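What's counted below: heavy atoms across the whole structure, side chains too, no hydrogens, waters or symmetry copies. Here the structure is a predicted model, which is why all the values come from computation and not from measurement.
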Amino acid sequence: MAVFKPENVEDFYEIGEVLGSGHFAQVRKVHERATGTYWAGKFLKIRKNTCSRLGLDRTRLEEEVDILHTIQHPNIVTLKDVFESRAEVVLVLELVTGGELFDFIAEKENLLESEAIEFMEQILKGLGFMHSKNIAHFDLKPENIMLSDRVAPHPNIKLIDFGLAHRFQQGDEYRSSSGTPQYIAPEVITSEPLSTAADMWSIGVITFILLSGLSPFQGDTDDETLRNIIIMNYEFAAQYFSMTSSMAKDFIQKLLVKDPNERMTAEECLLHPWIKPI
Ligand SMILES: Cc1ccc2c(c1)c1c3c(c(C)cc1n2CCCN)C(=O)NC3=O
């Protein structure tokens, strides 16, 4: 069992404003007393015992910490410290101040393909690094793609939130039904064994939205969305894609492939002509 720092996090960090919150987790800005540096504190409620349904499973959290310790990359948020007291664990993470990628895009009239490519290339570099270590994110969505500095001419992308991530061991078979309907791959819905290819499906969905503002499979209900994914019900509606290059559509089509083994990998994406023109 991993041991996290038993000290009280408030002895080292002043706890600030809430940045975001979920079921059993809250993210707050924290101020490091010794250096004056700001970080993001992810406060997680841990189950007191295996019978309890309240809080997160500690094993799940240990996997998130192990994964974050393993992946140090310019496009992935870094983990600085982990504290534990009573039924709470606090991850001290790199603070990413540029907001979510999609908020950045929403504020622009429209995104040039060249700008979309620049963002996609950084996302793929971070993802390719993770996948090279047999780690899948399993919750790739616009909310988990953030910018380190939105005013920079070329903002730096940071992948965040590894709460559903998994490191594959040799011969490991892993199934999960978690994730956000709009972005999950068909094999997640049909409970087949998963791989890093499930992340590549999500990249296809994110690219589709980046270029059109539309979510390819979204229905009026989650059930309808899941049905659209299973039957591959999506199209490049002329009204939204008339200005989109055929290379960009080809890139998306090579990711929204039902068979995970036939989907482009992150490395293959980085060599695709849309990303790396010949
Ligand atoms: C300035 C700001 C605002 C909201 C933030 C964050 C930073 C943030 C951060 C992280 C996570 C997991 C969630 C976060 N959230 C919650 C929303 C993320 N989509 C994180 O790991 N570093 C952050 O800065």
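For the pair Tyr234/Gln253, a side-chain contact is recorded, criterion being any heavy-atom separation below 4.5 Å from C-beta on. Residues Thr207 and Trp274 have side chains in contact (heavy-atom distance under 4.5 Å, counting atoms from C-beta outward). In this structure, the side chains of Phe119 and Leu147 come closer than 4.5 Å at one or more pairs of heavy atoms. Counting heavy atoms from C-beta outward, Phe129 and Asn75 have side chains that stay 4.5 Å or more apart. The closest side-chain heavy-atom distance from Leu159 to His73 is not below 4.5 Å. In this structure, Val257 and Met200 have side chains that are not in contact, with every pair of non-hydrogen atoms separated by 4.5 Å or more. Contact check for Ser85 versus Val9: no side-chain heavy atoms found under the 4.5 Å cut-off. Between Leu101 and Leu210, the closest side-chain pair of non-hydrogen atoms falls below 4.5 Å.
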Practice prompt. For side-chain contact (heavy atoms from CB on, under 4.5 Å), just list the numbers for Glu64 and Lys42, CA-CA rounded to whole Å, side-chain angles, deciding distance to a tenth of an Å, and then say yes or no.
Written response: CA-CA 12 Å; Glu64 180 177 353; Lys42 187 175 175 185; 2.8 Å; yes

Worksheet item: Can Glu62 and Arg58 be said to form a salt bridge (Lys or Arg N to Asp or Glu O under 4.0 Å), step by step?
Response: CA-CA 6 Å; Glu62 287 173 8; Arg58 202 183 193 286; 2.3 Å; yes

Worksheet entry | Test log, rule salt bridge (Lys or Arg N to Asp or Glu O under 4.0 Å), inputs Arg28 and Glu17 | CA-CA 5 Å; Arg28 302 182 72 134; Glu17 66 187 281; over 6 Å; no

Fill in: Worked verdict on Glu121 versus Lys276 for side-chain contact (heavy atoms from CB on, under 4.5 Å)
CA-CA 9 Å; Glu121 193 166 21; Lys276 196 175 184 65; 5.9 Å; no

Practice prompt. Please lay out, stage by stage, how Arg227 and Asp223 fare under the test salt bridge (Lys or Arg N to Asp or Glu O under 4.0 Å).
Written response: CA-CA 6 Å; Arg227 200 175 311 117; Asp223 281 350; 5.5 Å; no

Practice prompt. Start with the C-alpha distance between Lys80 and Glu32, add both sets of side-chain angles, then the distance that settles salt bridge (Lys or Arg N to Asp or Glu O under 4.0 Å), and finish with yes or no.
Written response: CA-CA 11 Å; Lys80 170 179 168 43; Glu32 187 176 13; 3.3 Å; yes

Worksheet entry | Derivation of the side-chain contact (heavy atoms from CB on, under 4.5 Å) call for Leu194 and Ser176 | CA-CA 8 Å; Leu194 302 182; Ser176 166; 4.1 Å; yes

Discussion item. Between Thr190 and Glu192, does the side-chain hydrogen bond (donor to acceptor under 3.5 Å, both in side chains) criterion hold? Intermediate values first, please.
Written reply: CA-CA 6 Å; Thr190 53; Glu192 290 160 71; 2.3 Å; yes

Discussion item. Between Ile157 and Glu118, does the side-chain contact (heavy atoms from CB on, under 4.5 Å) criterion hold? Intermediate values first, please.
Written reply: CA-CA 10 Å; Ile157 287 279; Glu118 211 173 302; over 6 Å; no

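When hydrophobic clusters are built by joining Ile, Leu, Val, Met, Phe, Trp and Tyr residues whose side-chain heavy atoms come closer than 4.5 Å, directly or via intermediates, Leu164 is grouped together with Ile71. Two different hydrophobic clusters hold Val30 and Leu95 under the rule that ILVMFWY side chains link at heavy-atom gaps under 4.5 Å. By the criterion of side-chain heavy atoms lying less than 4.5 angstrom apart, applied directly or through intervening Ile, Leu, Val, Met, Phe, Trp or Tyr residues, Leu140 is grouped together with Val205 in one hydrophobic cluster. Taking hydrophobic clusters as Ile, Leu, Val, Met, Phe, Trp and Tyr residues chained together by side-chain heavy-atom distances below 4.5 Å, Phe102 shares a cluster with Ile123. Under a hydrophobic clustering in which Ile, Leu, Val, Met, Phe, Trp and Tyr are joined whenever their side-chain heavy atoms come within less than 4.5 Å, directly or via other members, Leu19 and Val89 fall into different clusters.
To the nearest 0.5 Å, the span separating CZ on Arg33 from CD on Glu10 amounts to 7.0 Å. The distance from the CD1 atom of Ile76 to the NZ atom of Lys158 is 9.0 Å, given to the nearest 0.5 Å. Between the CD1 atom of Ile229 and the CG atom of Leu226 there is a distance of 5.5 Å, given to the nearest 0.5 Å. Note: Asn156 CG to Asp149 CG = 9.0 Å, rounded to the nearest 0.5 Å. Between atom CD1 of residue Ile46 and atom CG of residue Leu61 there is a gap of 4.5 Å, rounded to the nearest 0.5 Å. Distance check, rounded to the nearest 0.5 Å: CG of Leu127 to CD1 of Ile135 gives 11.0 Å.
Judged by distance alone, with hydrogens and angles left aside, the side-chain atoms of Thr225 form a donor-acceptor pair with the main-chain N or O of Gly219 at under 3.5 Å. Between the Ser212 side chain and the Phe241 main chain, no donor and acceptor come within less than 3.5 Å of each other. The backbone N or O of Ser148 lies less than 3.5 Å from a partner atom in the side chain of Thr97, making a donor-acceptor pair. Checking side-chain atoms of Arg167 against main-chain N and O of Ile67 turns up no donor-acceptor pair under 3.5 Å.
Taking a cutoff of 4.0 Å between a charged side-chain nitrogen and a carboxylate oxygen, Glu88 and Lys45 qualify as a salt bridge.
Between Phe162 and His137, the gap from one ring centroid to the other is short of 6.0 Å. Between Trp201 and Phe217, the ring center distance clears the sub-6.0 Å criterion.
With a 6.0 Å radius and a threshold of 12 heavy atoms from other residues, nucleotides or ligands, Asp11 has its CG atom above the threshold. Open room surrounds NZ on Lys125; 12 or fewer heavy atoms of other groups in view lie less than 6.0 Å from it.
Scanning all heavy atoms of the two residues, the minimum distance from Ala266 to Gly128 falls at CB-CA, 3.7 Å. Looking at every heavy atom in both residues, Val77 comes nearest to Val96 through CG2-CG2, 3.9 Å. Listed here is the closest heavy atom pair of Met247 and Pro273: SD-CB, 3.6 Å. Closest approach of Ile206 to Pro142, counting heavy atoms only: CG1-CD, 4.4 Å. Residues Gln182 and Ser215 share a closest heavy-atom pair of OE1-OG, 2.5 Å. Nearest approach of Asp139 to Gly179, heavy atoms of both residues: OD1-CA, 4.2 Å.
One side chain, Lys141 or Thr180, offers a donor N or O that lies under 3.5 Å from an acceptor on the other.
Note on ring orientation: taking the six-membered ring where Trp is involved, the planes of Tyr174 and His166 are parallel (angle under 30°, cut-offs 30° and 60°). Using bins of under 30°, 30° to 60° and over 60° for the plane-to-plane angle, the ring pair Tyr38/His31 lands in the parallel bin. Note on ring orientation: taking the six-membered ring where Trp is involved, the planes of Phe208 and Phe236 are parallel (angle under 30°, cut-offs 30° and 60°).
With Leu93 as the partner, the side chain to side chain contact (heavy atoms under 4.5 Å, CB included) test is satisfied by one option alone out of Val27, Asp81, Leu79: Leu79.
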